[in-house]
Amino acid sequence: MSENPRPKGTPRFPDGPAPDPTGSRFERRIRSFTPRRSRVTTAQGDALRRLWPQWGLDIDGKEVLDLDALFAADTKGGDGGEHAGQSAPADGTPAPVVLEIGFGMGEATAQMAAADPGTRILAVDVHTPGQGNLLNLAERNGLSNIRVANGDAVILLTEMLAPEALDGVRVYFPDPWPKARHNKRRLIQPEFLSLLAPRLKPGGLLHCATDWEPYAEHMLEVLTAHPDFENVQEDGGYAPRPDFRPQTRFEGQGLRKGHVVHDLLFRRAATLAEQPGTAPAEQPQPAPQDPAGPPAPEDPPRS
(Lines give C-alpha, C1' and ligand atoms only; values in the text may rest on other atoms or scores of the structure.)
Protein backbone atom coordinates (compact mmCIF):
# COMPACT_ATOMS: atom_id res chain seq x y z
CA MET A 1 0.00 0.00 0.00
CA SER A 2 1.36 3.42 -0.90
CA GLU A 3 1.82 6.18 1.66
CA ASN A 4 -0.91 8.75 2.11
CA PRO A 5 -0.22 11.74 -0.13
CA ARG A 6 1.43 14.65 1.67
CA PRO A 7 0.12 18.21 1.32
CA LYS A 8 2.22 20.23 -1.09
CA GLY A 9 5.19 21.84 0.64
CA THR A 10 5.14 19.43 3.59
CA PRO A 11 8.54 17.75 4.18
CA ARG A 12 8.57 13.99 3.88
CA PHE A 13 10.70 13.67 7.02
CA PRO A 14 9.58 16.47 9.39
CA ASP A 15 12.19 15.51 12.00
CA GLY A 16 14.78 14.47 9.43
CA PRO A 17 17.27 16.26 7.16
CA ALA A 18 16.08 19.66 5.94
CA PRO A 19 15.79 20.22 2.16
CA ASP A 20 17.78 23.48 2.44
CA PRO A 21 19.45 23.73 5.86
CA THR A 22 20.93 27.22 5.45
CA GLY A 23 18.01 28.81 3.60
CA SER A 24 19.04 32.26 2.38
CA ARG A 25 21.40 33.06 5.25
CA PHE A 26 24.56 32.66 3.20
CA GLU A 27 25.59 34.11 -0.12
CA ARG A 28 25.16 31.78 -3.05
CA ARG A 29 28.43 30.59 -4.54
CA ILE A 30 29.76 27.97 -6.90
CA ARG A 31 29.11 24.61 -5.28
CA SER A 32 31.02 21.37 -5.74
CA PHE A 33 27.89 19.24 -5.45
CA THR A 34 24.43 18.87 -6.93
CA PRO A 35 21.72 17.25 -4.77
CA ARG A 36 20.48 14.06 -6.38
CA ARG A 37 16.84 13.07 -6.29
CA SER A 38 16.24 9.35 -5.96
CA ARG A 39 13.90 6.97 -4.20
CA VAL A 40 14.17 6.48 -0.44
CA THR A 41 13.55 2.85 0.51
CA THR A 42 11.33 1.83 3.40
CA ALA A 43 14.34 0.92 5.57
CA GLN A 44 16.11 4.18 4.79
CA GLY A 45 13.01 6.23 5.51
CA ASP A 46 12.42 4.40 8.78
CA ALA A 47 16.02 5.11 9.85
CA LEU A 48 15.67 8.80 8.99
CA ARG A 49 12.46 9.13 11.01
CA ARG A 50 13.75 7.32 14.08
CA LEU A 51 17.46 8.06 14.20
CA TRP A 52 17.94 11.53 12.73
CA PRO A 53 17.02 13.37 15.97
CA GLN A 54 19.82 11.50 17.80
CA TRP A 55 22.47 10.89 15.13
CA GLY A 56 21.79 13.51 12.46
CA LEU A 57 22.29 17.25 12.16
CA ASP A 58 21.58 19.93 9.60
CA ILE A 59 24.40 22.22 8.52
CA ASP A 60 22.56 25.46 9.13
CA GLY A 61 25.51 27.68 10.05
CA LYS A 62 23.83 28.94 13.21
CA GLU A 63 26.36 27.89 15.86
CA VAL A 64 29.72 26.27 16.45
CA LEU A 65 29.36 22.59 17.24
CA ASP A 66 30.41 21.06 20.53
CA LEU A 67 31.73 17.82 19.06
CA ASP A 68 32.03 16.08 22.41
CA ALA A 69 28.38 16.81 23.15
CA LEU A 70 27.38 15.81 19.63
CA PHE A 71 28.96 12.39 19.95
CA ALA A 72 27.83 11.92 23.54
CA ALA A 73 24.22 11.79 22.34
CA ASP A 74 23.29 8.21 21.58
CA THR A 75 20.42 6.49 19.82
CA LYS A 76 17.87 4.27 21.43
CA GLY A 77 17.88 0.87 19.85
CA GLY A 78 20.58 -0.91 17.92
CA ASP A 79 21.66 -4.46 18.55
CA GLY A 80 24.29 -3.55 21.14
CA GLY A 81 26.99 -4.98 18.92
CA GLU A 82 30.59 -5.46 19.96
CA HIS A 83 31.51 -1.91 18.90
CA ALA A 84 28.65 -0.12 20.65
CA GLY A 85 29.69 2.64 23.04
CA GLN A 86 33.40 2.33 22.27
CA SER A 87 33.94 5.79 20.82
CA ALA A 88 35.83 7.21 23.85
CA PRO A 89 39.22 5.99 25.16
CA ALA A 90 39.24 4.46 28.63
CA ASP A 91 41.50 7.22 30.00
CA GLY A 92 38.89 9.88 29.28
CA THR A 93 40.86 11.58 26.51
CA PRO A 94 38.51 12.87 23.79
CA ALA A 95 38.47 10.47 20.88
CA PRO A 96 39.75 11.83 17.55
CA VAL A 97 37.21 13.25 15.12
CA VAL A 98 37.47 12.69 11.36
CA LEU A 99 35.34 14.59 8.87
CA GLU A 100 34.25 12.61 5.81
CA ILE A 101 32.96 14.76 2.95
CA GLY A 102 30.69 12.80 0.62
CA PHE A 103 29.99 9.23 1.73
CA GLY A 104 27.61 7.99 -0.98
CA MET A 105 25.54 5.15 0.43
CA GLY A 106 27.70 4.89 3.53
CA GLU A 107 28.96 1.30 3.26
CA ALA A 108 32.64 2.25 3.41
CA THR A 109 31.99 4.72 6.22
CA ALA A 110 30.29 2.04 8.31
CA GLN A 111 33.14 -0.38 7.65
CA MET A 112 35.75 2.16 8.79
CA ALA A 113 33.70 3.03 11.89
CA ALA A 114 33.43 -0.64 12.82
CA ALA A 115 37.13 -1.30 12.24
CA ASP A 116 38.18 1.75 14.30
CA PRO A 117 35.60 2.34 17.06
CA GLY A 118 38.01 4.71 18.82
CA THR A 119 37.64 7.29 16.04
CA ARG A 120 34.51 9.43 15.75
CA ILE A 121 33.33 10.06 12.18
CA LEU A 122 31.32 13.13 11.18
CA ALA A 123 30.01 12.13 7.75
CA VAL A 124 28.61 14.85 5.46
CA ASP A 125 26.45 14.39 2.36
CA VAL A 126 23.32 15.80 0.72
CA HIS A 127 21.99 12.50 -0.67
CA THR A 128 18.92 11.58 1.40
CA PRO A 129 18.89 7.82 0.57
CA GLY A 130 22.57 7.62 1.51
CA GLN A 131 21.92 9.43 4.80
CA GLY A 132 19.17 6.97 5.66
CA ASN A 133 21.28 4.00 4.59
CA LEU A 134 24.23 5.04 6.76
CA LEU A 135 21.98 5.57 9.78
CA ASN A 136 20.49 2.14 9.20
CA LEU A 137 23.94 0.54 8.94
CA ALA A 138 25.12 2.30 12.09
CA GLU A 139 22.17 1.06 14.13
CA ARG A 140 22.26 -2.44 12.69
CA ASN A 141 25.96 -2.81 13.52
CA GLY A 142 25.83 -1.06 16.88
CA LEU A 143 28.08 1.81 15.80
CA SER A 144 27.89 4.79 18.15
CA ASN A 145 30.86 6.62 16.62
CA ILE A 146 29.06 7.96 13.52
CA ARG A 147 27.14 11.20 13.11
CA VAL A 148 25.50 12.14 9.82
CA ALA A 149 25.43 15.78 8.68
CA ASN A 150 23.20 17.16 5.94
CA GLY A 151 24.30 20.12 3.84
CA ASP A 152 27.29 22.01 2.53
CA ALA A 153 30.67 21.03 4.02
CA VAL A 154 32.01 24.51 3.27
CA ILE A 155 29.39 26.06 5.58
CA LEU A 156 30.25 23.45 8.20
CA LEU A 157 33.91 24.45 8.06
CA THR A 158 33.39 28.20 8.01
CA GLU A 159 30.57 28.52 10.54
CA MET A 160 30.28 25.40 12.68
CA LEU A 161 33.71 23.99 13.48
CA ALA A 162 36.19 25.48 15.93
CA PRO A 163 39.86 25.91 14.99
CA GLU A 164 41.82 22.64 15.17
CA ALA A 165 38.63 20.67 15.87
CA LEU A 166 39.47 17.87 13.43
CA ASP A 167 42.07 15.12 13.53
CA GLY A 168 41.54 14.17 9.91
CA VAL A 169 39.52 14.76 6.76
CA ARG A 170 38.51 12.19 4.15
CA VAL A 171 37.42 13.09 0.64
CA TYR A 172 36.81 9.89 -1.29
CA PHE A 173 35.79 9.99 -4.94
CA PRO A 174 34.37 13.51 -5.10
CA ASP A 175 32.64 14.59 -8.28
CA PRO A 176 35.49 15.14 -10.81
CA TRP A 177 33.50 17.64 -12.90
CA PRO A 178 35.32 16.42 -16.02
CA LYS A 179 34.18 19.12 -18.45
CA ALA A 180 36.62 22.02 -18.63
CA ARG A 181 33.93 24.62 -18.03
CA HIS A 182 32.98 22.79 -14.80
CA ASN A 183 36.50 22.37 -13.37
CA LYS A 184 35.90 25.39 -11.12
CA ARG A 185 33.33 23.28 -9.24
CA ARG A 186 35.90 20.77 -8.05
CA LEU A 187 36.12 20.64 -4.27
CA ILE A 188 39.89 20.37 -3.93
CA GLN A 189 41.01 23.89 -4.77
CA PRO A 190 43.56 26.22 -3.11
CA GLU A 191 40.76 28.28 -1.52
CA PHE A 192 39.16 25.19 0.01
CA LEU A 193 42.50 24.00 1.40
CA SER A 194 43.07 27.39 3.02
CA LEU A 195 39.65 27.10 4.61
CA LEU A 196 40.24 23.53 5.75
CA ALA A 197 43.74 23.86 7.21
CA PRO A 198 42.84 25.93 10.31
CA ARG A 199 40.15 23.37 11.27
CA LEU A 200 42.71 20.55 11.26
CA LYS A 201 45.02 19.91 14.17
CA PRO A 202 48.76 20.18 13.36
CA GLY A 203 49.70 16.87 11.77
CA GLY A 204 46.07 16.10 10.94
CA LEU A 205 45.70 13.91 7.87
CA LEU A 206 43.87 14.93 4.69
CA HIS A 207 43.17 11.78 2.67
CA CYS A 208 41.81 12.11 -0.86
CA ALA A 209 41.06 9.40 -3.40
CA THR A 210 39.85 9.57 -6.98
CA ASP A 211 39.67 7.35 -10.04
CA TRP A 212 39.69 10.29 -12.46
CA GLU A 213 43.26 10.80 -13.66
CA PRO A 214 43.03 14.53 -14.50
CA TYR A 215 41.47 15.23 -11.10
CA ALA A 216 44.20 13.21 -9.36
CA GLU A 217 46.83 15.31 -11.14
CA HIS A 218 44.97 18.47 -10.14
CA MET A 219 44.76 17.35 -6.49
CA LEU A 220 48.44 16.53 -6.34
CA GLU A 221 49.36 19.85 -7.92
CA VAL A 222 47.31 22.09 -5.62
CA LEU A 223 48.11 20.12 -2.46
CA THR A 224 51.84 20.13 -3.21
CA ALA A 225 51.77 23.87 -3.84
CA HIS A 226 49.83 24.71 -0.69
CA PRO A 227 52.08 25.83 2.20
CA ASP A 228 49.80 24.37 4.89
CA PHE A 229 50.03 20.75 3.71
CA GLU A 230 52.91 18.27 3.44
CA ASN A 231 52.91 15.07 1.40
CA VAL A 232 53.54 11.99 3.54
CA GLN A 233 55.17 10.29 0.52
CA GLU A 234 58.88 10.97 0.41
CA ASP A 235 58.85 10.96 -3.38
CA GLY A 236 56.11 13.62 -3.42
CA GLY A 237 53.69 11.43 -5.37
CA TYR A 238 50.60 9.32 -4.81
CA ALA A 239 50.25 6.98 -1.86
CA PRO A 240 49.32 3.29 -1.79
CA ARG A 241 45.75 2.71 -0.64
CA PRO A 242 45.89 2.50 3.17
CA ASP A 243 44.54 -0.65 4.76
CA PHE A 244 41.94 1.36 6.68
CA ARG A 245 40.22 2.58 3.49
CA PRO A 246 37.87 -0.09 2.12
CA GLN A 247 36.86 -0.13 -1.49
CA THR A 248 33.86 2.12 -2.05
CA ARG A 249 30.95 1.60 -4.40
CA PHE A 250 32.17 4.42 -6.66
CA GLU A 251 35.66 2.92 -6.66
CA GLY A 252 34.32 -0.43 -7.79
CA GLN A 253 32.43 1.23 -10.62
CA GLY A 254 35.58 3.02 -11.74
CA LEU A 255 37.73 -0.10 -11.59
CA ARG A 256 35.24 -1.99 -13.73
CA LYS A 257 35.60 0.76 -16.31
CA GLY A 258 39.38 0.39 -16.28
CA HIS A 259 40.10 3.50 -14.23
CA VAL A 260 43.20 3.77 -12.05
CA VAL A 261 42.59 4.81 -8.44
CA HIS A 262 44.95 7.29 -6.79
CA ASP A 263 45.20 8.01 -3.05
CA LEU A 264 46.76 11.21 -1.73
CA LEU A 265 47.86 11.59 1.89
CA PHE A 266 48.86 15.04 3.14
CA ARG A 267 49.38 16.25 6.70
CA ARG A 268 48.64 19.71 7.99
CA ALA A 269 51.84 21.64 8.65
CA ALA A 270 52.83 22.38 12.24
CA THR A 271 52.46 26.11 11.62
CA LEU A 272 50.00 27.69 9.24
CA ALA A 273 51.28 30.05 6.61
CA GLU A 274 50.14 33.64 6.86
CA GLN A 275 47.34 34.18 4.39
CA PRO A 276 47.24 37.33 2.25
CA GLY A 277 45.34 40.09 3.99
CA THR A 278 45.58 38.49 7.44
CA ALA A 279 48.66 40.29 8.71
CA PRO A 280 47.99 42.01 12.03
CA ALA A 281 47.29 45.66 11.67
CA GLU A 282 49.89 48.08 13.00
CA GLN A 283 48.90 49.62 16.29
CA PRO A 284 48.47 53.39 16.09
CA GLN A 285 51.31 55.26 17.77
CA PRO A 286 50.65 58.26 20.01
CA ALA A 287 51.47 61.59 18.44
CA PRO A 288 54.76 63.12 19.64
CA GLN A 289 54.35 65.66 22.39
CA ASP A 290 55.28 69.28 21.66
CA PRO A 291 57.81 70.55 24.27
CA ALA A 292 55.97 73.85 24.34
CA GLY A 293 52.82 72.14 25.55
CA PRO A 294 49.45 71.49 23.91
CA PRO A 295 48.27 74.02 21.32
CA ALA A 296 45.72 76.62 22.33
CA PRO A 297 42.11 75.75 21.43
CA GLU A 298 40.93 77.02 18.11
CA ASP A 299 38.35 79.76 17.87
CA PRO A 300 34.84 78.39 17.36
CA PRO A 301 33.66 78.39 13.74
CA ARG A 302 31.84 81.46 12.57
CA SER A 303 28.15 81.08 11.98
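Heads up: numbering here begins at 1 and tracks the sequence. Basis for what follows: all heavy atoms, side chains included, without hydrogens, waters or symmetry-related copies.
Taken from CZ in Phe229 to CG in Leu223, the straight-line distance is 7.0 Å, to the nearest 0.5 Å. Remark: His226 NE2 to Ile188 CD1 distance equals 11.0 Å, nearest 0.5 Å. Taken from CG in Asn133 to CE in Met105, the straight-line distance is 4.0 Å, to the nearest 0.5 Å. From Ile146, atom CD1 reaches atom CD of Glu139 across 12.0 Å, with rounding to the nearest 0.5 Å.
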Per-pair distances, 0.1 Å, donor-acceptor, side chain in residues 63-70, under 3.5 Å, sequence neighbours excluded:
residue : atom : partner : partner atom : Å
Asp66   : OD1  : Asp68   : N            : 3.2
Asp66   : OD1  : Ala69   : N            : 3.1
Asp68   : OD1  : Arg120  : NH1          : 3.0
Asp68   : OD1  : Arg120  : NH2          : 3.2

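No side-chain heavy atom of Lys257 sits less than 4.5 Å from a side-chain heavy atom of Asp211. Looking only at side-chain heavy atoms (C-beta outward), Asp175 and Arg185 stay at 4.5 Å or farther from each other. Pro176 places none of its side-chain heavy atoms less than 4.5 Å from the side chain of Met219. Side-chain contact between Arg186 and Trp212: present, with at least one pair of heavy atoms (C-beta onward) separated by less than 4.5 Å. The shortest distance between side-chain heavy atoms of Phe192 and Val222 does not fall below 4.5 Å. You'll find the side chain of Leu122 reaches within 4.5 Å of the side chain of Leu57, heavy atoms only. With a 4.5 Å cut-off on side-chain heavy atoms, Leu157 and Leu196 count as touching. Residues Val169 and Phe266 fail the side-chain proximity criterion, which asks for heavy atoms closer than 4.5 Å.
Linking ILVMFWY side-chain heavy atoms closer than 4.5 Å, directly or via other members, places Leu51 and Leu134 in a single hydrophobic cluster. No chain of hydrophobic side-chain contacts below 4.5 Å, direct or via other Ile, Leu, Val, Met, Phe, Trp or Tyr residues, connects Leu48 to Leu137. Connection of Leu264 to Val98 is not established within any shared hydrophobic cluster, with ILVMFWY side chains joined at heavy-atom distances below 4.5 Å, either directly or through further cluster members. Leu265 and Val261 fall into different hydrophobic clusters, defined by Ile, Leu, Val, Met, Phe, Trp and Tyr side-chain heavy atoms under 4.5 Å apart, directly or through other members. In the hydrophobic clustering of ILVMFWY residues, with side-chain heavy atoms under 4.5 Å counting as a link, Val97 and Val154 come out together.
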Fill in: side-chain contact (heavy atoms from CB on, under 4.5 Å) evaluation trace for Trp52 with Asp58
CA-CA 10 Å; Trp52 188 263; Asp58 282 317; 3.9 Å; yes
Worksheet item: Is there a side-chain hydrogen bond (donor to acceptor under 3.5 Å, both in side chains) between Glu213 and His262 once you walk through the steps?
Response: CA-CA 8 Å; Glu213 187 77 28; His262 293 291; 3.0 Å; yes
Worksheet entry | Candidate pair Ile101 and Leu156, rule side-chain contact (heavy atoms from CB on, under 4.5 Å), full reasoning | CA-CA 11 Å; Ile101 301 176; Leu156 177 70; over 6 Å; no
Discussion item. With side-chain contact (heavy atoms from CB on, under 4.5 Å) as the criterion, how do Met160 and Ile59 come out once you've worked through the C-alpha distance, each side chain's angles and the decisive distance to 0.1 Å?
Written reply: CA-CA 8 Å; Met160 300 181 70; Ile59 300 174; 3.8 Å; yes
Worksheet item: Which is it for Thr158 and Leu195 under the side-chain contact (heavy atoms from CB on, under 4.5 Å) test, yes or no, and what are the steps along the way?
Response: CA-CA 7 Å; Thr158 56; Leu195 172 65; 3.1 Å; yes
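The main-chain N or O of Leu143 is never found under 3.5 Å from a side-chain atom of Asn141 such that the two would form a donor-acceptor pair.
Considering every non-hydrogen atom in both Pro246 and Met112, the closest pair reads CD-CG, 3.4 Å. Of all the heavy atoms in Leu220 and Thr224, the pair that sits closest is O-OG1, 2.6 Å. Taking every heavy atom of both residues into account, Ala138 and Trp55 meet most closely at CB-CZ3, 3.0 Å. For Gly104 against Asp125, the heavy-atom pair with the smallest separation is N-OD2, 3.1 Å. In terms of heavy atoms, Gly118 sits closest to Ala95 at O-CB, 3.3 Å. The two residues Phe71 and Asn145 make their nearest non-hydrogen contact at CE2-O, 3.7 Å.
When each of Leu206, Leu200, Leu205 is tested with Leu166 by the rule side-chain contact (heavy atoms from CB on, under 4.5 Å), just one qualifies, namely Leu200. Under the side-chain hydrogen bond (donor to acceptor under 3.5 Å, both in side chains) rule, Asp46 has a single partner from Gln44, Arg49, Arg50, which is Arg50. Of the residues Arg268, Arg199, Lys201, Arg267, the one that meets the salt bridge (charged side-chain N to carboxylate O under 4.0 Å, His left out) test with Asp167 is Lys201.
Electrostatic pairing of Arg241 and Asp263 does not count as a salt bridge here, judged by no charged N lying under 4.0 Å from a carboxylate O.
Note: Tyr215 and His218 have tilted aromatic rings, judged against thresholds of 30 and 60 degrees for the angle between ring planes.
Counted within 6.0 Å of CG on Asp235, heavy atoms from surrounding residues, nucleotides or ligands total more than 12; the atom is thus considered enclosed.
Partners of Asn136 by side chain to side chain donor-acceptor pair (under 3.5 Å), not counting sequence neighbours: none found.
When ring centroids are compared, Tyr172 and His207 come within the 6.0 Å threshold.
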